[in-house]
Amino acid sequence: MVAPRFRWRRSRWLRYCPVALQEGILSPGRAEFACGFLDKLYLMSTPEAFAKFLKNPRPYLLPPQPRPPAKFAVLGPPHSGTSTLSKLLAERYGAKVVNVQAKLDPKLAEEKAKYIETVRQESTEAAIEQVKKKIKDAQEAAAEAARVEAERLAAEEAERQAREAAEKEAAALAAAEAGEGEEGEVTDQPADQTAEEKDGATEGEGETTEGETAAGEEEKKNEEEDEKAESADLKPQDETPQPTPPPPEINVDETHPEVKAIVENAIKLAEKQPINLSAEVTVDLVEAAIKEVEEEVALKTPDGPRFGGWILDNFPQTREQWAMMGDKNLLPDDAVFLKDISEGGLMLLKRWYSLNRKEVDQQISERLAREAEALRLQQEELRSWNLSMCNNDSQDGRKAEEEQRLAEEAEKKRKADERARRVEAGEDPVEVDREIYGIIPESELVTQAESEDVAATGERTHTAVEEEIPASEGIEVTSGVPPPEDKVNADGAASVTVSDTPVTGAASSLDFLGVPDVKEAELPVEGPELEGAKEKRKEWDREYPNIEGVFTSTGVIEPIQIDINDADVDVVLKQAVEKIEKRFEPILQLWTEEGDPNRNKKKPLGDLNHFCPVALFEKNVLWPGNPECAAKYREKVYYLSNDENRTKFLENPTMYLTREKPPQTTAMRLLVLGAKGSGKSLHARQLAQKHKVFHIQFEELLQEMLLKKTKKYIGPFYEAEEEFKDSPEDIEENKELDEFERTFTMADLDVEEKAGEDEDNEEGGEEGKEPLPEEEVKEEVEEEAEAEYTEEEEAIKSFLESGMDDMLPPEILEKVIGQFWNSEPFRSTGFILEGFPRIPDEVRWMAESGYYPDTAVTINSEDSDIIGRLLPPKMEKWSAKRDRKLARRQRQKDKAKKLREKEIEKRRRELIKEKEKRLEERRAEKEAARAEMDEEEEAEEEEEDEEDETEEDARDRLSNDLAELYDNDTNRLSSVTETLEEVLIPHVEVEGGRKPHIIRYQLSKSLKPYTVYRESMFERVYPISEKLAERMITIGYKQPSRFGRWCPVQLLEGECVQPMHGVGYPSFPVIYRGYVYYLANAQNREAFSQNPLHYLKQPSPKPVVPIRMAIIGPPKSGKTTLARRFESEFGVVRVSLGDAMRLVLANQPKTSLANQLQDVLKSGSPVSNELAVAALQVALMDMNCTTRGYILDGFPLNRQQIDLMTAAGIIPVRVLELSCSNMEIMVRATKDRLDPERVFPKHDSSQIATVKINTYNQHIEEVRKWYRNEHMNYDVIKVEKSKWWVWNEAVELAKKSVCTIQTYLERVADGKAASVYNLCITPSEFNARLGDFSHYCPVRLADGELVNCGVSPSLLYAVEFRGFYYKCAGEKERDMFLAEAEKYVPPLAPRRLPPADLLPKRITAEEAKALFPMPLEIKGYCPVTFLDGKLRYEAIIPGNMEIGCVLYRNKLYAFESEDKLLKFLR
């Protein structure tokens, strides 16, 4: 353990050695060779590997490591796709497939040739001996046969002689007897032949019997024997038989025909005999092939692994080969076995049939043709026998049947030959059968009932259509399915069975080799054609247990078994890769903890912080994880939202965690809650406009969904607003008053005429007037009553009318709210949802549905604030209603007055008509009536006045209503807030009782993690102590970042001076993604922790450049104070002459310089400038002066000191003069002299100060002139202003010089052009390294103009490129040169500078006069003016020599003005 919470973690190599793996060897590491690097633990296998890794671990950890070294063996039964899988694995891992069979073929051919030659020799020898023996046996048999024949002949001769003797004796006896009866009678017939026998012989003449042939042969044989006997009788009796001659010598060689035949038969058998190589020979060939592959891979990638990069295709296949591979250390790291678990290997057998379908079908067709031919012959014999047994008396009928049979056979033969020819040509057999035999495919013939029957039986028998098809053709049609041999129709013809399953050639992704889909292909019935494939499968099945036993016994390799049934090639490849790389998969662990996942910012969480990775991947929602549902992966803890998501994460964590790029956050999703009148709408709208997201008001959204049908907003709040509107009675009263006022528009007319006109107006006005507001309201009410609402709209309407106290149905909420999380453009743009959720049930529904916002913002306000905001507009509405009421009342009074006047006028006219005698009575009645009416009016007014509400009462009533509304909203909001905490939704509270701009500021500050810092929402930064950071870097647990000791926050703000570190300068390191970052202060650390990605997007810091500055000025100008401030802020070394001499005396007392200083000081003499500069040179040798820089305090003060410093190489980058008036100096000196804290007296009287000032003023001018002319690094700051202003100005100059040098070093290192302004380059140094264009601007020269920039010594527009200096004419030209310097310098420069003698040279008038008697060209007239005036007379203007002349090609020219002179020079 490095420190608490910081442990060594498992690396992605797990227990395998990275050094061996980089070389191509999968070797497990050992605990004694463990080492840590970048918080990971690595195990080495050998001491050599351990030493290599410690020396430089990075080469062994670079991508694509860790990965298998690609030493695989892919095995499987025939046609299982091993070759295709091998190729795919080779493409993935950059390996090469070793085709073992191709390597074995030459060796097999060689062994075959040797075997055949051996068989030839052995069979030749054996054949010769066999033929010789056969000939010898034949000779011996012939001799034996001759001996036996001689013996037989001798016996037969003896028998013949005896028979002849007996015959002679019998003849003699017979002759003696015949002589007695019929002497002299002679006959040609034998004596024993009777007359009946002669008659039989005559009748049978010409007829052949079965014994005639054998009798003839026997007779012939007897005749030959008689001839031999006669010839033997002719021989002399005394001649002895000759001895048998010896057999001739047998001479047989390889040319003998029988020998040749025997040898050829033996060779044919030998060629069919398979050749099996021994396991040792086979493995030797494979070893050579593997070495060849490894050498080829090594040539392509010299820095890659030395071993591996090969894949064995279906090898080794036997136990002996595996054992031999192990003996030669050639075992693969992984063995992939493709398994076919189909019943009886049916799947691979179908695949084999699909691959060899044409050949197999041809073999089946030939076999079935032979069987059909044999069946036909059998049927023909049967038919012939039936015909022979049939007793048909009509010879003509038999002849016609025979002719018809012959014609049918000829037609069948023709059709069979045509079909065979067309099928061999590649035509579809079904179409051929359709055309030749008229066969319609079964799918077109069967009816629905037949289809069901076929589906049940799988086949059906054709009889009618296929009757004319011979057995061979019929079977050919069935795509290799033969008919049952025992099914014969009644007429003797075989019935043809056709399979209903069509054979298709559609390509399938199941077979890796592109064969047809095995699911669609149907195997033919069992036959000898399938035996070969089945036998090969049986051989594999017999050998596989032996191979499996090797793995079981040794345990070196764990076989990878993949089921290829119903699997796509991509699926098989994916399974193989997953199982191969499983050894490098980290260990997944369940993790459970309690509490808030965000409570401890130092907890090492995963890449998504405390959010659920599964919810982010699947729903694009930032769902806070549950600490009780956590998992540990790669030593990091990931919080999951629920058990289901944890299960998914454990199954495949890599799918939910991206490694190519950091995880991307979702669009901003905020909830804004608050009581009515808290200002949530105002601030939500302002936030939406600021961040360019949608602003959605939940209640407004629901109102708009119903507005087309309701025509108004509904709900208690809007019903309360109706209070301030006129009631229908008031509207009706206003209408009556309007009508009444129209009747009195013509007061000057008579009462009757006005009445008549009023009636006409009423009749005509009813037709043409527009509907009044109350009529519109009635129409709207009628339309609303007529509108029909859907169930969803009814639910929303009820929800709004109830004051939204309940919850809408979940399906409606899903439709209304879910779209903002799931649909565009809300999903990618973001939104701010106002006024939702309103009750806890809605919060729980959001959590259950996975609709989590980034945070919920609650704007809290006091009831006084709410009342203060909502009451004034309500009071205004109340006042407006009151005013309308008063106006209506006044109108009523006016109406009553007019009515009284009308009645009075009417009464008066009546009284005029009456007689004067009733005048008094009428007047009395009139007064009484008036008094009565006045009393009624006063009573009505009093009654109405009693009903009126005062303003104070209205204010109190409205305030109470608002307070009640506030209490309800506050109670509901508090319960919603508690529920938000329960479901882990972040919550932000803002005080809403302040001014709007203050509330907006609070909102912006509180929402920064979700707005400004949103890109770093998943990032976690861990603060550590400086001591722990150093320890982590020392032991290699973490690495320093690319910023080093630079503060990323200050660097982004423009800081160019590296912060101080060390004793007295605390730093604030943090850990972020395996690196240590140093921050300058706690505020910067907090800023970096909130948004690290923002600060890491900036480029790496520039080179560290020390500050080298000299501060000079008169006495009491603040030189030492400013120098010490630089020392404390930037860590530079403040060096004065006194400090330098004291340093030499204290640290180097024995040196000659120290002795010289001692002598001078003891003598009381002032130290010489030489000794002072020498001491200064020694003091500047300090390491801090080299790394941090130095400030020369009050030095140099004269030219001699400058020369000595320049000779010693001490050149400050900036020389800062603090300018101060003499009066200010005297005032400061007086203040210092009267300082109460002063202890010891000093020589700082006014007289001494005056002497110092005078001495300073005497030499300061030459110092200014030197630095301004030589190094151009002199700056003056007036110190009469505040010390803060002086400090800021000095720091600005120091940082500007440092930035200039940093930019120069960076651009030069990158091979770019760089500005050399403010780099202390002297004119002599600049002229010594001038480029090809001298002082002329290369940019303007490329445009065809000669602009001499050497007139001014300033280097403001000077640049350096490739070690040479160039001057540009202005800022624009300088920027163009810096951007594309290659365009303006050789060899790409379009123009070169002319030779020096062809360049124009500007001279003064005195120099021109010194060239007398050289005359002015063009008689002293200005050539530019003359040329610009198109050579006219008016353009002849004399030149002015006072402004200077130009010497060009040894000719002198004068010009009218400075502009014309410069134009000539260009």
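For clarity, every value in this text was computed on a predicted model and none was experimentally measured. We number each residue from 1, following the sequence as shown. The basis for the numbers below is simple: all heavy atoms, side chains too, and nothing from hydrogens, waters or symmetry mates.
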Enquirer: Step by step, work out the salt bridge (Lys or Arg N to Asp or Glu O under 4.0 Å) result for E618 and K648.
Expert: CA-CA 11 Å; E618 294 181 347; K648 294 180 180 179; 3.3 Å; yes
Enquirer: Other residues, nucleotides and ligands only: do more than 12 of their heavy atoms fall within 6.0 Å of CZ on R1073?
Expert: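 More than 12 heavy atoms, drawn from other residues, nucleotides or ligands, come within 6.0 Å of this atom.
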Enquirer: Ignoring hydrogens and angles, state whether a donor on the side chain of T654 or N652 is under 3.5 Å from an acceptor on the partner side chain.
Expert: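 Note: T654 and N652 side chains meet the donor-acceptor criterion.
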Enquirer: With heavy-atom distances below 4.5 Å as the criterion, would you say the side chains of V976 and R838 are in contact?
Expert: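 In short, these two side chains do not touch, never coming nearer than 4.5 Å.
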Enquirer: Measure from NZ or CZ of K797 to the centre of the six-membered ring of Y789, then state whether that distance is under 6.0 Å and the direction lies within 45° of the axis.
Expert: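 K797 over Y789 ring: yes.
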Enquirer: Compute the ring centroids of Y852 and W821, then answer whether they are less than 6.0 Å apart.
Expert: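 No, too far apart.
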Enquirer: Once rounded to the nearest 0.5 Å, what's the spacing between atom CG of D854 and atom OG1 of T1011?
Expert: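 Output value for this atom pair is 10.0 Å.
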Enquirer: Between Q1098 and L1052 (side chain of the first, backbone of the second, donor and acceptor by atom type, cut-off under 3.5 Å), is there such a pair?
Expert: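 Side chain of Q1098 to backbone of L1052: a pair is present.
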Enquirer: What's the spacing between L89 CG and I580 CD1 if we round to 0.5 Å?
Expert: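 L89 atom CG to I580 atom CD1 measures 5.0 Å (nearest 0.5 Å).
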Enquirer: When you measure from the side chain of S1025 to the backbone of L1028, do you find a donor-acceptor pair of N or O atoms at a distance under 3.5 Å?
Expert: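 Yes.
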Enquirer: So, for F698 and F836, is the gap between ring centers shorter than 6.0 Å?
Expert: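 So the answer is yes for these two rings.
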Enquirer: Does one side chain, of N609 or Y639, offer a donor that lies under 3.5 Å from an acceptor on the other?
Expert: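 No - no donor-acceptor pair under 3.5 Å links their side chains.
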Enquirer: Answer yes if the ring centres of F831 and F826 are under 6.0 angstrom apart, and no otherwise.
Expert: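 No: the rings miss the under 6.0 Å criterion.
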Enquirer: Verify, without hydrogens or angle tests, whether E848 (side chain) and W845 (backbone) share a donor-acceptor contact under 3.5 angstrom.
Expert: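 The answer is no, because no donor-acceptor pair under 3.5 Å joins these two groups.
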Enquirer: What are the two closest non-hydrogen atoms of L1096 and R1042, and how far apart are they?
Expert: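 That closest heavy-atom pairing would be O-NH2, 2.6 Å.
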Enquirer: Can you check whether A667's main-chain N or O pairs, donor with acceptor, with R1014's side chain at less than 3.5 Å?
Expert: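 A pair under 3.5 Å: yes.
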Enquirer: Should M705 and E793 count as side-chain neighbours, where that means a heavy-atom distance under 4.5 Å?
Expert: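 No, their side chains stay 4.5 Å or more apart.
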Enquirer: Cation-pi between R1045 and Y1078: NZ/CZ under 6.0 Å from ring centre and within 45° of the ring axis?
Expert: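 Yes, R1045 sits over the ring of Y1078.
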Enquirer: How about I1024 and M1032: do any of their side-chain heavy atoms sit closer than 4.5 Å?
Expert: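 Yes, close enough: below the 4.5 Å cut-off.
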Enquirer: Can you tell me how far apart CD1 (I696) and CD1 (I832) are? Round to the nearest 0.5 Å.
Expert: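 It is 9.5 Å, given to the nearest 0.5 Å.
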Enquirer: Is a side-chain donor-acceptor pair under 3.5 Å present for Y966 with E862?
Expert: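 Per modelled atom types, E862 and Y966 side chains form no pair under 3.5 Å.
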Enquirer: Taking atom types as modelled, find out whether Q1039 and Y1075 have a side-chain donor-acceptor pair closer than 3.5 angstrom.
Expert: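 No donor-acceptor contact under 3.5 Å links the two side chains.
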Enquirer: For Y713 and E700, run side chain to side chain donor-acceptor pair (under 3.5 Å): C-alpha distance rounded to whole Å, both residues' side-chain angles, the deciding distance at 0.1 Å, then the answer.
Expert: CA-CA 9 Å; Y713 290 116; E700 188 75 16; 2.8 Å; yes
Enquirer: Looking just at side-chain N and O atoms, do H987 and T855 make a donor-acceptor pair shorter than 3.5 Å?
Expert: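 No, no side-chain donor-acceptor pair sits under 3.5 Å.
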Enquirer: Between Y1037 and W8, is the ring centre distance below 6.0 Å?
Expert: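 Y1037 vs W8: aromatic centres under 6.0 Å.
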Enquirer: For E989 and N860, does a side-chain donor sit closer than 3.5 Å to a side-chain acceptor?
Expert: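 A pair is found: one side chain offers a donor N or O, the other an acceptor, under 3.5 Å apart.
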